[in-house]
Amino acid sequence: MSDPVGKLPSELDQLPDRDTEETAEWAASLDAVAKAAGTRRAEYLLRRTLQHAEAAGLALPKLLETDYVNTIPTSAEPEFPGDMEMEAKITAWNRWNAAAMVTRGSKYGVGGHIATFASAAWLYETGFQHFFRGKEADGSGDQLYIQGHASPGIYARAFLDGRISEQQLDNFRQESGGNGLPSYPHPRRLPWLWEFPTVSMGLGPLSAIYQARFNRYLQNRNIKDTANSHVWAFLGDGEMDEPESTAALALASREQLDNLTFVINCNLQRLDGPVRANFRVVQELEAQFRGAGWNVIKSLWGSAWDELFQLDTTGALVRRLREGPDAQFQTYATRDVAYIRQHFFGADAELVQLAGVLSDAKIAECFHSSRGGHEPRKVYAAYKAALEHKGAPTVILAQTVKGYTLGAGFESKNANHQMKKLTIDEFKDMRDLLGLPIPDSAFADGVVPYGHPGADSPEVRYLNERRAALGGPAPARKVHHVALPAPAERSFAPLIKGSGKQEMATTMAFVRLVKDLMRDKETGKRWVPIVPDEARTFGMESLFPSAGIYSPLGQTYEPVDRDQLMYYKEAKDGQILNEGITEAGAMADFIAACTSYATHGEPMIPFYIFYSMFGWQRTADQMWQLADQLGKGFIVGATAGRTTLTGEGLQHADGHSHLIASTNPASLNYDPAFAYEIAVIVKDGLRRMYGEKPEDVFYYLTVYNEPKVQPAMPEGVEEGILKGLYRFNEASSLESAPAADAPKIQLMASGTAIHWALEAQQLLAADWNVAADVWSATSWGELRRDALECDEALLRGEVRTPYVTRALEGVTSPVLAVSDWMRQVPDQISQWVEQDWTSLGTDGFGLSDTREGARRHFGVDAQSIVVAALAQLARRGEVPASAIKEARERYGL
């Protein structure tokens with residue numbers, strides 16, 4: 001026999017062997033088992049030994065996969081505490097009404113999903129009856145992330161407990177007339193029921209992880225006791241294909257978020273077909289989660305399989321289950337017993353022998369319907385084990401049949417995601433299967449009826465008693481408004497009075513303001529700075545030692561810069577959420593903080609600061625999720641614009657974020673030019689989002705990294721700053737002012753472009769005797785929003801003039817708008833500007849160059865503004881056409 005030790009991987013040779021004889025004995029024993037009992041027996045013993053070592057806490061690499069069986073054997077299942085028969089009746093009513101609601105709506109062409117909830121019904125019902133804590137208990141209750149396609153079942157349950165009417169069920173996906181139900185979980189559309197929007201897919205699992213983390217953040221900072229809050233995320237196995245679904249698994253295990261449970265409904269089907277046609281998605285997910293450090297519980301097989309596993313004395317059945325691809329197992333669920341005997345059991349002589357003692361009925365039950373996710377006792381065991389596990393998050397992989405109980409036409413069919421209705425005969429078969437007391441006469445005119453046992457029925461009484469014991473209805477969203485006091489004026493004063501002769505970028509101005517606001521005695525602790533590993537880029541390192549970077553472990557090491565004033569300080573009660581290089585993770589943090597006022601009754605004031613290019617372009621879907629969830633806070637796009645960070649090149653040159661942001665109705669978008677504008681905007685934002693009459697909006701500010709002298713705030717400009725436009729500087733104020741009869745033009749600029757406009761104002765006056773007034777356009781988006789509201793009012797017979805029109809009233813000269821953004825950004829307001837209009841912008845791809853070179857390239861520098869102004873005036877006949885060519889030659893354009 002060859003020396004087994006010589007077969008060890010070379011990296012193990014690095015470890016000294018203190019007893020080579022003992023090592024050789026272990027290896028020889030393994031070889032002996034393989035020779036005497038076969039390699040399968042040897043493999044079995046190794047797996048069991050490794051599992052035992054893991055359970056004993058030995059520091060060994062974990063097995064990434066376990067056998068394709070239930071983690072909790074039947075013998076170890078705890079006693080089920082509820083009335084199984086009563087809960088089955090409740091689940092039956094929910095199944096029926098979910099299917100009826102979607103089918104009845106199909107005549108209006110609004111669609112809906114039936115098969116997902118049909119497979120997951122017991123996953124939800126077991127939680128509602130025994131685990132999910134409501135909002136009326138102590139603390140904040142649990143947070144439930146409901147799979148979007150399962151929403152009909154949640155509506156059906158709310159109908160049963162009396163929170164939703166039959167009329168509302170009939171208005172599923174028909175909201176415009178009022179009293180309707182949104183298709184998916186949507187807090188903005190149904191704010192008393194839904195807490196978390198979970199469509200688009202993938203954002204739910206990511207948000208759930210960061211919600212669990214934020215719960216711990218509140219706990220560790222002594223803001224809210226969240227010890228009894230548990231986050232449950234219900235997901236589909238197909239949804240796990242989304243990269244966001246698994247993006248933060250390591251964070252959850254690294255921070256030991258045992259207040260988090262993923263429940264993945266493994267019905268093996270995507271929208272159009274098998275999730276892993278040639279593979280096994282359960283095993284893949286188990287390896288992924290175990291590798292990331294999660295506790296994994298598999299609930300795969302129903303109790304009908306117990307007999308089969310007891311007869312499997314050689315492990316042949318377990319091996320066959322582990323070998324068969326998902327698509328084939330889906331086929332077994334739809335074929336007759338003869339097919340299963342031939343194609344499943346016939347593949348192995350030992351399985352043929354096992355099948356010989358099984359009845360056709362037993363085989364049909366096992367392969368057609370008996371899954372762990374369909375049995376409340378097994379689901380209860382998995383949930384209980386998840387809550388009892390400490391030190392890591394848990395994922396439950398529950399196997400089900402998609403379309404379960406909907407009939408042979410639905411179950412495990414590839415097309416069932418797109419199937420929106422059942423026939424009357426199919427409903428009658430479903431009624432008989434579920435044992436519901438619905439007579440044939442109830443199907444009047446071919447319309448399927450809703451079913452309800454009565455408000456005082458045993459089912460409804462049981463349901464309400466269970467929910468009362470768990471803290472009230474669920475899901476539910478409750479907001480107890482807590483107005484925050486306005487911060488002291490001294491926090492805003494430095495920005496209002498300007499920087500004197502000192503130059504300061506608007507990014508630094510914002511950071512300085514927040515740093516002062518974080519010292520406020522009343523509201524300072526509620527600020528949540530969030531940054532994705534770029535804090536030093538934005539000048540935020542001064543916050544490190546004072547506020548601390550949040551870490552549930554505190555600081556277990558001595559930082560390399562500990563002897564410096566602004567050293568890297570982590571703390572368990574740290575205030576800063578300094579993420580790694582993950583804008584998606586930072587946005588998920590931001591959403592959890594922005595909605596804490598509703599989730600926990602604790603209003604927080606988060607600001608998320610990031611490289612401008614990596615905000616709306618990269619995570620706009622999450623910003624819609626933020627709006628859907630009625631979040632409040634400040635999003636800050638730093639190093640904004642196309643030309644202020646051009647050394648970084650195309651990938652960092654942002655000229656379009658304001659255009660994308662303008663599509664989001666909840667986002668108030670500002671492009672401030674000066675520090676005092678930031679102060680006014682932030683102050684008003686705190687009032688609007690956290691004052692006595694809070695609005696469900698959030699703020700988006702763009703700030704720049706270009707140091708400039710910050711002027712003091714002129715008198716009377718506050719309204720214009722907030723509305724979006726005010727006249728900053730008139731031509732008559734210049735030392736060498738043009739003649740009174742000189743041609744006139746209005747230069748309208750936002751953000752850093754105001755400095756190019758001011759320089760152009762000087763050149764126009766000195767070189768061309770043109771009088772240019774300079775306007776600060778702090779928000780093209782708010783000007784447009786106001787104008788649109790005026791247009792809508794006009795259709796109602798109300799005559800209102802847009803603010804931008806009123807601001808320019810009496811101006812007879814043309815308007816030239818310029819910004820560091822695409823021309824479409826200022827052009828948003830052009831139709832409400834009565835004067836001649838033109839714009840300049842940074843359209844096209846970015847490039848690496850100096851600021852001056854990039855601005856000349858895009859034609860937005862001061863000299864280019866002068867030429868554009870002269871061209872506009874030449875068209876009106878107010879300057880000679882030759883002035884355009886002369887100016888281009890003079891400025892080298």
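Counting begins at 1 with the first residue of the sequence.
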Any donor-acceptor N or O pair under 3.5 Å, side chains [X], [Y]:
X      : Y      : result
His149 : Glu239 : no
Gln625 : Ser207 : yes
Lys378 : Thr74  : yes
Asp170 : Tyr450 : yes
Tyr380 : Glu77  : no
His230 : Thr261 : yes

Are [X] and [Y] close enough for a salt bridge, meaning some N to O gap below 4.0 Å?
X      : Y      : result
Glu350 : Arg319 : yes
Glu388 : Lys384 : yes
Arg431 : Asp440 : yes
Asp67  : Lys298 : no
Arg466 : Glu87  : no

Any idea which heavy atoms bring [X] and [Y] closest together, and the distance?
X      : Y      : answer
Lys362 : Ala304 : NZ-O, 3.5 Å
Leu260 : Ala212 : CB-CB, 3.9 Å
Ala252 : Pro393 : O-CD, 3.5 Å
Val282 : Gln399 : CG2-OE1, 3.8 Å

Test of ring centre spacing under 6.0 Å for [X] and [Y]:
X      : Y      : result
Trp232 : Tyr383 : yes
Phe132 : Phe234 : yes
Phe80  : His130 : yes
Phe427 : Trp96  : yes
Phe367 : Trp305 : yes

If you draw a 6.0 Å radius around OH in Tyr108, do more than 12 non-hydrogen atoms from other residues or ligands fall strictly inside?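 No, not enclosed.
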Side chain of Asp237, backbone of Leu268: donor and acceptor closer than 3.5 Å?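 Between the backbone of Leu268 and the side chain of Asp237 there is a qualifying donor-acceptor contact (under 3.5 Å).
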Side chain to side chain donor-acceptor pair (under 3.5 Å) against Asn265, all qualifying residues, sequence neighbours excluded: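 Asn265 satisfies side chain to side chain donor-acceptor pair (under 3.5 Å) with Ser119, Thr400 once adjacent residues are dropped.
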Check whether any side-chain heavy atom of [X] lies under 4.5 Å from a side-chain heavy atom of [Y], and answer yes or no.
X      : Y      : answer
Gln330 : Thr334 : no
Met430 : Leu406 : yes
Ile438 : Pro449 : yes
Val296 : Thr71  : no

Nearest-0.5 Å distance, CH2 of residue Trp93 to CG of residue Leu434: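 So the CH2 of Trp93 and the CG of Leu434 are separated by 10.0 Å.
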What is the distance from atom CG of Asn278 to atom CD of Gln328, rounded to the nearest 0.5 Å?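 Here the interatomic distance stands at 10.5 Å.
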